[in-house]
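One structure below.
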Amino acid sequence: MNDDHHASHGFSTRAIHDGQPFDPRTGAVIPPIFMTSTFVQDGVGGFRDGYEYSRGGNPSRDALQQQLASLEGGSHAFAFGSGLAAEDAILRAVLQPGDHVLMGNDVYGGTHRLVSQIHSRWGVEISTADASDLDAVRAGLRPSTKILWVETPSNPLMKVADIAGLAELGHAAGAIVVADNTFATPYLQQPLGLGADVVVHSTTKYIGGHSDLVGGAVVTADASLAERIGFQQFAVGAVNSPFDAWLTSRSLKTLAVRVERHCQNAQLVAESLVGHPAVTAVHYPGLADHPQHELAARQMRGFGGMVSLQLAGGKAAALELVRHTGVFQLAESLGGIESLVCFPSEMTHASVKGTELAVPEDLLRLSVGLEDADDLVADLQQALGKLA
Ligand SMILES: *Cc1c(COP(=O)(O)O)cnc(C)c1O
């Protein structure tokens, strides 16, 4: 297709075509990677297609940004060098000294750290509340709250928060509502359509999908917020490289099929763990006894690829289990084609040890990949069988 926006098309058609027209010079079906820092001007200020310098704009980054805006139902998207750089741009675009941020109490540890250890030095205040409990969130909002920050499903306990309900509470209190959509991806859940003002992603995870890049993104349908975030991106400069932007665009084209399989495999893995004598709890929104199963079924198109479990043998059993898995490799991060196991309390969540965000020490988090489900289930069963 040679036209680059198709609002009426379905998710995968837009993922494959929006922002991704063939190269007009050669007809190459895939847009080239624009590995350039600067652009020749036809006389001073004579920019070709608006391009001047790649911190301010690059065609490979623009292609990704158009694709992301389309998939999240936003009007503007910005691609950054990491998820945290994307978060930082939102925070700086919105907050002034004295402002307060209310966050879910099980957001990504680095998100909490960014505000509590960096933005706090400029007088920004932070507190947390259980985002799956609307009354707790209402009680946590202050007159100075400017951002209500929600992550759903949450990491690593897979709690599900009601985005529409939170958007209503946040807006009534005069705050903007930011949704970290990294775990769900735009294929499973579109927070802007549920009332959130801004969506943020670590594109390192499902959107990149192959564990070969680090990146982040912000998407919004609010033009004035977009202008402020775009200015932050230009003035601070934490942009995605053209190569990473191109890789991320390539990955987005297969997001729907990948996430469908992640969901199928995760459901099978979660069900295989339920009732095992060494396992005391399995956290997965697709299980009928998950506390927010109904909400998840309403708010999401599927239940995602992340599962966590708690072990009867406590921390020792968690540390032992990760020595016995073979297909599930021990590593931080998530959302790639390969299955990973992580011990959050000393890995992804080490930065929040001893705070209200600390996670249980008997807990392991699984990023269920795209290998054959039988191999994934067998790998965990043999490893559980080795626990004393
Ligand atoms: C990884 C992650 C981040 C941070 O993103 P980086 O790309 O590592 O900077 C933020 N939120 C969630 C939910 C994440 O999983």
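Just so you know, ligand 1 is whichever comes first in the structure, and atom 1 is the first atom listed for that ligand.
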When only distance counts, is Phe183 in polar contact with ligand 1, meaning an N/O pair under 3.5 Å? no

Would Glu151 count as being in polar contact with ligand 1, using the rule that some N or O on each side must be under 3.5 angstrom apart? no

Who's the nearest protein heavy-atom neighbour of [atom], and how far?
{"atom": "atom 10 (C) of ligand 1", "answer": "Glu87 OE2, 3.4 Å"}
{"atom": "atom 4 (C) of ligand 1", "answer": "Tyr108 CE2, 3.4 Å"}
{"atom": "atom 6 (P) of ligand 1", "answer": "Gly83 N, 3.4 Å"}
{"atom": "atom 15 (O) of ligand 1", "answer": "Lys205 NZ, 2.7 Å"}

Heavy atoms from other residues, nucleotides or ligands near CZ of Arg301 exceed 12 (cutoff 6.0 Å): yes

Heavy-atom count check: over 12 atoms from other residues, nucleotides or ligands less than 6.0 Å from Glu168 CD? no

Lys315 and Glu346 ion-paired at < 4.0 Å: yes

Does Phe11 have its ring centroid less than 6.0 Å away from the ring centroid of Tyr187? yes

[X] heavy atoms, cut-off 4.0 Å: which ligand 1 atoms fall inside?
{"X": "Asp180", "value": "10 (C), 11 (N), 12 (C), 13 (C)"}
{"X": "Thr204", "value": "7 (O)"}
{"X": "Ser82", "value": "7 (O), 9 (O)"}
{"X": "Ser202", "value": "1 (C), 2 (C), 3 (C), 4 (C), 5 (O), 6 (P), 7 (O)"}

Should the pair Lys159 and Phe183 be classed as cation-pi, given the thresholds of under 6.0 Å to the six-membered ring centre and 45° from the axis? no

How are the rings of Phe243 and Trp246 set to each other: parallel, tilted or perpendicular (split at 30° and 60°)? parallel

side-chain hydrogen bond (donor to acceptor under 3.5 Å, both in side chains) contacts touching residues 289-298 (sequence neighbours left out): none

Side-chain (Asp18) to main-chain (Gln66) donor-acceptor, under 3.5 angstrom: no

Measuring from non-hydrogen atoms of Gly215 to any atom of ligand 1, is the shortest distance under 4.0 Å? yes

With a cutoff of 4.0 Å, is His201 in contact with ligand 1, counting heavy atoms of the residue only? no

